[in-house]
Amino acid sequence: MARSSIAVSIRSRFVSLRRSSSTATLVLLALACFACGVAAQDRPNVLFILTDDQRWDTVGLEPQSVVATPHLDRLGREGLRFANHFCTTSLCSPSRASILTGLYPHAHGVRDNFTEYPESLDTWPKALQRAGYRTAYFGKYHMGEVNDEVRGGFDRFVTHRGQGKYFDTEFRFDGGERRVVSGYYTSVVTDMAEAFVREQADGDRPWAMIVGHKAPHSFYVPEPKYEHAFDHVNVPYPPSAFELDDNAAWYRHRTATWHGIYGPLFDFRKEWPDRSAEGAEAFARMVRSYWGTILSVDDSVGRLVAALEQTGQLERTLIIFTSDNGLLEGEHGMIDKRTAHEPSMRIPLIVRLPQVRSAEPTERVDDRSAEAPRPRGVERMTSTVDFAPSILEICGVAPIDGIHGRSWHRLALGHDDPAWRTSLYYAYDYERQFPYTPNVRAVRTERWKLIRYPHGDSGPDRHKGDLFDLASDPEERRNRIDDPELADLVGELDAELQRLQRQLGALPDRMPIDEGIGTELPDASIR
């Protein structure tokens, strides 16, 4: 569908919505705004941009990034970059539920990619909607594999079943008609989002919109103009792929599976397992394609920021860019996610607020040269459960009770928070549908990470754990779990892991039985 057609469609739907609004509804919205003590017109808009499976080091603000992202870099220079941002579970649906609720998966109940989101739970979009915000969601929702019904908290809701496709996805519009929208996914959802932004320019209510990208989720298909953007880049297997002797045996068993470097590589390799030197080229093509999809996401960010500028809304809009989880690209012999290794659980977070703009305005710089101004950063460990309290505080809306996250607004304004967390809990449950990763329970501090792989029967672990010194070994290449000099530290970290579980209400710790690393491919309908 052409961009202009989408804009007309969205505009006509809003006209219909406004005509159908009752006087009682408008009175309730006004009362909600009054009760919170902040006039609706004084509240910022919210643009929340969510990618899928994007690593923390694929943003141009990161010195080691191969991917140039000038539009995201601009957001970072005008706002701030969160240097240590993590998901609570490196899996799409559980992480997305945590983003909306501020809860860990054991509390919100979405512990895999096949569980429907409990509509009885509160979310920050619901809270904003109650406070008078006009709310919208465009793109990949992915909680409930075949459910494309309208979800609570959104006045506009355009999504699709399952993963969607990079080209010509069938979208469902506001719970009504389903139709294929031709074009590249990233551009299509950006068309919808841009039309929404422009529609709100003369509105009398603040708005909140989530843009859910498919990119850079597998199977990676770059936009044609970016198909060969990284052909010149050499992409070898990471060194840690060949340093598995001090890790549990399941690491090696995974290498030849759907989630291993010698496996099918999301169909980039047709014959497998392939341990040959020539087979590494398929791995390189996969990674280059992954990077290519992110270039289109950056273009999308540029378009949405331009629309905000052109309509005079930029300075009153909170912009958040992040991902649901990270991704392994060969580290430890693995691809995909789910584990508690840094590439899997660490994700980008860039925030732009008028209050946190750089002291001096900066000109746009499209490269990462030495002259490019660096963004102000937040070094504290933040998490996906922190979005709900942070967004609601910034918008002057009452918080959701009983959640696990806390607001980083104070940190964003440049103030330290002495009570901020110094350790972070991570959890993943074994999946029969994807039997390539054990149960995972981990604790990360500013220096150390302890990872346990419980069997699920309350008995002793059957896999050796991991202990990484993140200060001296940021790539997690040396497992120190058997170092006798660190035995006391391991005990302290085990105690901290249990303390966090008690604090979060995660005990007793219920999880599935680990049935071992499988070699079969997942069903084609859920890949």
Side-chain angles (χ1 to χ4, degrees), residues 56-57 62 80-90 95 98-99 101-107 322 325-326 339-351 356 376-391 393 399 402-428 440-452 465-476 478-481 483 485-507 509:
W56 68 279
D57 58 359
E62 301 295 340
L80 64 157
R81 157 187 165 270
F82 287 69
N84 293 290
H85 183 65
F86 301 92
C87 59
T88 59
T89 299
S90 186
S95 186
S98 292
I99 287 170
T101 62
L103 295 169
Y104 270 80
H106 69 268
T322 190
N325 47 255
T339 74
H341 299 99
E342 290 288 286
S344 175
M345 66 181 287
R346 190 174 177 184
I347 48 183
L349 174 56
I350 300 170
V351 174
V356 295
R376 187 162 61 77
V378 172
E379 297 297 325
R380 292 282 195 177
M381 286 189 294
T382 55
S383 166
T384 43
V385 295
D386 299 329
F387 283 120
S390 303
I391 293 169
E393 181 179 354
I403 62 174
H404 296 138
R406 60 183 299 163
S407 172
W408 39 248
H409 188 205
R410 178 179 173 84
L411 301 177
L413 293 176
H415 308 296
D416 192 24
D417 184 347
W420 195 262
R421 69 173 66 90
T422 57
S423 61
L424 183 73
Y425 174 60
Y426 178 92
Y428 164 78
V440 181
R441 299 294 185 268
V443 58
R444 186 196 192 276
T445 69
E446 293 173 352
R447 176 175 177 181
W448 296 96
K449 183 187 293 180
L450 176 71
I451 310 175
R452 293 296 189 185
D466 295 319
L467 176 68
F468 299 116
D469 182 348
L470 301 173
S472 64
D473 181 26
E475 295 181 357
E476 301 169 315
R478 183 185 178 195
N479 184 7
R480 306 285 299 279
I481 194 75
D483 188 335
E485 295 184 0
L486 299 177
D488 289 345
L489 173 65
V490 171
E492 293 170 6
L493 291 171
D494 272 324
E496 179 64 7
L497 177 58
Q498 294 179 25
R499 185 193 71 80
L500 289 172
Q501 289 181 308
R502 286 193 299 272
Q503 181 186 75
L504 297 166
L507 294 177
D509 190 1

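Hydrogens, waters and symmetry mates play no part in the numbers below; they use all other heavy atoms, side chains included.
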Problem - Short N-O contact, Arg380 and Asp416, less than 4.0 angstrom - result: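 Here Arg380 pairs with Asp416 in a salt bridge, since their nearest N and O are under 4.0 Å apart.
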
Considering residues at least two apart in sequence or located in another chain, which fulfil the side-chain hydrogen bond (donor to acceptor under 3.5 Å, both in side chains) criterion with [X]?
X	value
Thr322	none
Ser344	Ser90
Glu476	Lys449
Ser390	Trp408

Quick one: pull up [atom1] in [X] and [atom2] in [Y] and give me the separation to the nearest 0.5 Å.
X	Y	atom1	atom2	answer
Leu500	Arg444	CG	CZ	13.5 Å
Arg406	Thr382	CZ	OG1	12.0 Å
Gln498	Gln503	CD	CD	14.0 Å
Glu492	Leu497	CD	CG	13.5 Å
Arg480	Leu489	CZ	CG	9.0 Å
Arg81	Asn84	CZ	CG	8.0 Å

Closest heavy-atom contact between [X] and [Y]?
X	Y	result
Tyr104	His404	N-ND1, 3.0 Å
Gly402	Leu103	O-CD2, 3.6 Å
Ala442	Ala340	CB-CB, 3.8 Å
Thr89	Pro105	OG1-CG, 3.3 Å
Leu467	Leu493	CD1-CD1, 3.6 Å
Thr445	Ser423	CG2-CB, 4.1 Å

Exercise for the section: Take Thr101 and Ile403 through the test side-chain contact (heavy atoms from CB on, under 4.5 Å) and record every step on the way to the result. Expected result: CA-CA 7 Å; Thr101 62; Ile403 62 174; 5.8 Å; no

Flag the pair [X] / [Y] as yes when at least one side-chain heavy-atom distance between them is below 4.5 Å, and no otherwise.
X	Y	result
Met345	Val440	no
Tyr425	Thr88	no
Asp494	Arg452	yes
Ile347	Thr384	yes
Glu496	Leu450	no
Val378	Leu80	yes

Practice task
Check salt bridge (Lys or Arg N to Asp or Glu O under 4.0 Å) between Arg410 and all other residues, then give those that pass, not counting sequence neighbours.
Solution key: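 Once residues adjacent in sequence are excluded, Arg410 has no partner under the salt bridge (Lys or Arg N to Asp or Glu O under 4.0 Å) criterion.
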
Exercise for the section: With sequence neighbours left out, write down each residue that passes salt bridge (Lys or Arg N to Asp or Glu O under 4.0 Å) with Asp386, or none if nothing qualifies. Expected result: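 By the salt bridge (Lys or Arg N to Asp or Glu O under 4.0 Å) rule, Asp386 matches Arg421.
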
Exercise for the section: Check whether any side-chain N or O of Trp420 sits under 3.5 Å from a backbone N or O of Met381 as a donor-acceptor pair, and report yes or no. Expected result: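 Yes; judged by distance alone, with no hydrogens or angles, the pair exists.
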
Problem - Expected output: side-chain Asn479 to main-chain Gly465 donor-acceptor under 3.5 Å - result: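 Present.
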
Handout entry: Pair Tyr426 + Phe86: ring centers closer than 6.0 Å
Key =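 No, the ring centres sit 6.0 Å or more apart.
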
Exercise for the section: Using the side-chain hydrogen bond (donor to acceptor under 3.5 Å, both in side chains) rule, take Thr339 and His341 through it: C-alpha gap first, then chi angles, then the decisive distance, then the call. Expected result: CA-CA 6 Å; Thr339 74; His341 299 99; 2.8 Å; yes

Exercise for the section: Name the orientation class of the two ring planes belonging to Phe387 and His85 (parallel below 30°, tilted from 30 to 60°, perpendicular beyond 60°). Expected result: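 If you compare the ring of Phe387 with that of His85, the planes turn out perpendicular.
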
Handout entry: Residue among Glu342, Glu475, Arg447 satisfying side chain to side chain contact (heavy atoms under 4.5 Å, CB included) with Leu470
Key =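 When side chain to side chain contact (heavy atoms under 4.5 Å, CB included) is applied between Leu470 and each of Glu342, Glu475, Arg447, only Glu342 qualifies.
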
